[in-house]
Amino acid sequence: DTEVTQTPKHLVMGMTNKKSLKCEQHMGHRAMYWYKQKAKKPPELMFVYSYEKLSINESVPSRFSPECPNSSLLNLHLHALQPEDSALYLCASSWSFGQGAYNEQFFGPGTRLTVL
Amino acid sequence: KQEVTQIPAALSVPEGENLVLNCSFTDSAIYNLQWFRQDPGKGLTSLLLIQSSQREQTSGRLNASLDKSSGRSTLYIAASQPGDSATYLCAVHTGANSKLTFGKGITLSVRP
């Protein structure tokens, strides 16, 4: 099973709402990633978790709060977002993070977020 | 800082044509290179991964080559089909943390 799942597929929220995005993989991967992608742009890395610990935070605003409850699950908690945060949020996973061969990244289908 | 370039940004070809998509990168010290496909509004599908020690990888009608010393990779698509229409992104793993650096992608349209 080389699948990364993400829920929900679509999310519309107001600027005062609190919501969460969920990502799950059952490939035994120990690295998980959040990316943000705006229309007609490549994905931008937000966070990396390696062995359930936050390894990279690409200077993301605190209104985005990641969480890795276990090796299969990755959440992104959203609070007080701005309309410019509207984008496709992609989750990815790989065997490991860092140097080496086993870091082919597999992406989920994404969550289309609209902030009103 | 690694930079990945994909030119042209868009390409339109008739069905059945063999085509080559180009990718170039500025720092040749990469661990590997991945080609992805993305359909509109969807996630990324990994097509091929080439390790830095490899010259090429093949999967079905796709063949990807890597010339690390010159900072170039190509994705060859044989006998293109309308279903191949999508955006193709090239990404390289570079640096101590082996982060992915993406190109802006090439949007391919295959005309029936």
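Of the listed residues (A:Arg112, A:Lys41, A:Gln37, A:Glu44), the one with the most heavy-atom contacts under 4.5 Å to chain B is A:Gln37.
Using a 4.5 Å heavy-atom cut-off against chain B, the contacting residues of residues 55-69 of chain A are A:Ile56, A:Glu58.
Residue A:Lys38 places its NZ atom among more than 12 non-hydrogen atoms of other residues, nucleotides or ligands, all under 6.0 Å distant. Within a 6.0 Å radius of CZ in A:Arg30, more than 12 heavy atoms belonging to other residues, nucleotides or ligands are found. Within a 6.0 Å sphere centred on CZ of B:Arg111, other residues, nucleotides and ligands contribute more than 12 heavy atoms.
Proximity of a side-chain donor or acceptor of A:Glu104 to a complementary backbone N or O of B:Gln34 within less than 3.5 Å is not detected.
When the side chains of ILVMFWY residues are joined at heavy-atom separations under 4.5 Å, either directly or via intervening members, A:Leu88 and A:Phe47 end up in two distinct hydrophobic clusters. A single hydrophobic cluster is seen to contain both A:Leu21 and A:Leu54, as judged by linkage of ILVMFWY side chains at heavy-atom distances under 4.5 Å, directly or through other members. Cluster annotation: B:Leu62 and B:Leu19 are assigned to the same hydrophobic cluster (Ile/Leu/Val/Met/Phe/Trp/Tyr, side-chain heavy-atom contacts under 4.5 Å, transitive). Hydrophobic cluster membership is shared by A:Tyr49 and A:Met46, with clusters built from Ile, Leu, Val, Met, Phe, Trp and Tyr side chains linked at under 4.5 angstrom. Under the 4.5 Å side-chain heavy-atom criterion for grouping Ile, Leu, Val, Met, Phe, Trp and Tyr, A:Leu45 is not connected to A:Leu76 through any hydrophobic cluster.
Counting only heavy atoms from C-beta outward, the side chains of A:Asn103 and B:Asn32 approach each other to under 4.5 Å. Counting only heavy atoms from C-beta outward, the side chains of B:Lys104 and A:Lys40 never approach each other to under 4.5 Å.
We find the CZ-CZ distance between B:Phe36 and A:Phe106 to be 9.0 Å, quoted to the nearest 0.5 Å. Taking NZ of B:Lys42 as the reference point, atom CG of A:Leu90 lies at 12.0 Å (rounded to 0.5 Å). Here the straight-line distance linking atom OH of A:Tyr33 with atom NZ of B:Lys99 works out to 11.5 Å at 0.5 Å rounding.
Of the atoms belonging to B:Leu44, heavy atoms from both backbone and side chain fall under 4.5 Å from chain A. Contact of A:Gln6 with chain B is not made at all, since no heavy-atom distance falls under 4.5 Å.
In terms of heavy atoms, A:Pro43 sits closest to B:Leu89 at CD-CD2, 4.5 Å. Residue B:Gly103 comes nearest to A:Pro42 through the heavy atom pair O-CB, 3.3 Å, listed as atom of the first residue, atom of the second, then distance.
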